[in-house]
Amino acid sequence: MNTHPFGTAGASPMARRRFLQLSAAAAGVTFAAAPLRPPNIVMIYADDLGYGDLGCYGSKIRTPNLDRMAAEGIRFTQFYSANPVCSPSRAALLTGRYPTRTGVPHVIMPPDKTGLADTETTLAALLKPQGYKTMCIGKWHLGHQPQYLPTMRGFDEYYGIPYSNDMTPRPLMHNTETLEEPAVLETLTPRYTQQALQFIERSKNSPFFLYMPHTFPHIPLAASQRFRGKSPLGLYGDVVEELDWSVGEVLTKLKKEGLDNNTLVMFSSDNGPWYQGSPGQLRGRKGSTYEGGVREPFLARFPGHIPRGAVCRGIAGTIDVLPTVARLAGAALPKLPVDGVDIWPLLSAARPNLEREALLYFDGWNVQCARWGKWKLHVARYNSFAYSPAPAGGRINLPLQNPELYDIEQDPTEAYDAAAENPAVVAEITARVERLVAGFPEEVKQAWTQTRARQTAVRPAGALPAPAPRK
Ligand code: MG
């Protein structure tokens, strides 16, 4: 049983008060009275929104509600998705595990019949025994066959498109029924928002978990009439401004219902920007394990428990959400091993960073990079990082003949390879990767072995043809 800082299970009132006092002292904040029940959890998840796409992350797109959420809570500067594409990122968020363990290493596309493995416990399923009402509103993308839909995976209710808006067919579903097909894209954000407000309204007398994975700004883009043509940054800006409006509506509703101080609201994105949008100053976009493909905005607001206006520069990621929420809700962790860690010490600003062996950057079955402290080691890379699946054999994970080492805190653009000056760091991270890979499913181990075996196939250093002499 986890230590429960707020609710009734797992911790005595004295322990709860002690926890709050300790957190308050560490964070320099004054807490309101401890909530009487486990906190409500709201997780809002954008699709393909870049690290640089919110006002509070330097964008010119107007996002006053998200900016206010950051001002009233905490903003992370090094928060990572476990994968640079849609389905695996969601698998990690809802299980606390690297997607290569969950049966979802790749994007699921119709007519695929796969989905999140039935041995996995989702965050919703974890919260149900704690008395939570649960709803998923938006893009599911963890399997669209009946046995994989949200209502079979711990959610009482579902409303949304079961995968990406660029896939065919495009049904808008309520639970397991199709409401319309194709879904009218311009109406989605307002309708998702209306569903969210109604769910809060009817769930307010019990703890609830609202998981709101928006359809946008994944392409094809669409905004409602009210927002279309209003942003100085074109349709992409319109779409993000409408998402920001939606967040504002949810926050306003929580306040109106008196739930403000007992609700943890989180906002992030599943992967970096695709054709539009901005990764800020970072290198790479969706489908790349450079920072721009996987570093995401992350905001968390929980008045009285998370200090106002805090900025966390520690390392965290979507795999950490489940263990953190489980602890807050007093829920037992799943039986399968969880890769994430409880980041409440970061959220409450009690600590600047947390120890972990290394954070792995996967694409598909392949480990391509690892982060340890300020260092990021690139060990492998595709011959092309185009997102679309290449013809068979056209996309190969290749080992870097000389692994590249970047000091991410000094060099977030991954422009200066410091490997030659830091061989001990390269060796240390390589050893950590080896240890971690040994604990992964066979497919990961095989991919790792196969990638390394390609070392001999790579052209030796210095073997490039000499440049032609100048005439
Ligand atoms: Mg995505």
Side-chain angles (χ1 to χ4, degrees), residues 43-54 57 59 61 66 79-95 98-100 102 104-110 112 114-116 136-144 150 160-168 170 183 185 188-189 192 211-223 235-236 239-240 242-243 246-247 266-280 282 284-299 317-319 321 361-364 368 385-389:
M43 179 77 222
I44 304 172
Y45 208 42
D47 191 352
D48 294 6
L49 182 82
Y51 183 74
D53 278 335
L54 303 182
Y57 284 85
S59 176
I61 299 174
L66 285 157
F79 188 91
Y80 293 93
S81 173
N83 191 288
V85 290
C86 304
S87 301
S89 302
R90 286 148 213 276
L93 175 69
L94 289 183
T95 64
Y98 284 110
T100 44
T102 67
V104 191
H106 302 291
V107 172
I108 298 170
M109 300 188 197
D112 292 351
T114 58
L116 186 70
C136 171
I137 301 171
K139 166 174 163 173
W140 175 240
H141 217 179
L142 289 173
H144 45 274
I161 302 176
Y163 35 73
S164 296
N165 50 333
D166 62 344
M167 296 174 183
T168 306
R170 194 176 68 207
L185 297 181
L188 286 181
T189 301
Y192 288 173
Y211 171 47
M212 202 172 179
H214 276 281
T215 287
F216 299 118
H218 194 292
I219 58 171
L221 298 168
L235 182 56
Y236 187 89
V239 166
V240 175
E242 188 162 23
L243 291 180
S246 174
V247 173
M266 295 172 280
F267 177 92
S268 192
S269 172
D270 65 340
N271 51 255
W274 200 359
Y275 295 108
Q276 301 179 58
S278 170
L282 306 174
R285 304 177 79 82
K286 176 177 181 176
S288 160
T289 47
Y290 281 113
E291 293 290 283
V294 286
R295 197 192 292 196
E296 312 303 334
F298 182 79
L299 308 174
T318 45
I319 55 174
V321 169
Y361 297 59
F362 278 96
D363 193 347
Q368 294 193 325
F385 62 71
Y387 164 70
S388 300

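Just so it is clear, the model here is predicted, and its values are computed rather than measured. In listed order, ligands and their atoms are each counted from 1.
Using a cut-off of 2.8 Å, one finds that Asn271 contributes an N/O/S atom close to the Mg ion (ligand 1).
Vertex the Mg ion (ligand 1), arms ending at SG of Cys86 and OD1 of Asp48: the angle is 110° after rounding to 10 degrees.
Minimum-distance N/O/S atom of Asp47 relative to the Mg ion (ligand 1): OD1. Its N, O or S atom nearest to the Mg ion (ligand 1) is what matters here, and for Asp270 that atom is OD2.
In this structure, Tyr211 and Tyr45 have tilted ring planes: the angle between them lies in the 30° to 60° band.
Between Gly52 and Ser59 the shortest heavy-atom distance is O-CB, 3.0 Å.
Applying side-chain hydrogen bond (donor to acceptor under 3.5 Å, both in side chains) to Asp47 and the options His141, His214, Lys139 leaves one that passes, Lys139.
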side-chain hydrogen bond (donor to acceptor under 3.5 Å, both in side chains) between Glu296 and Tyr57, worked out: CA-CA 10 Å; Glu296 312 303 334; Tyr57 284 85; over 6 Å; no
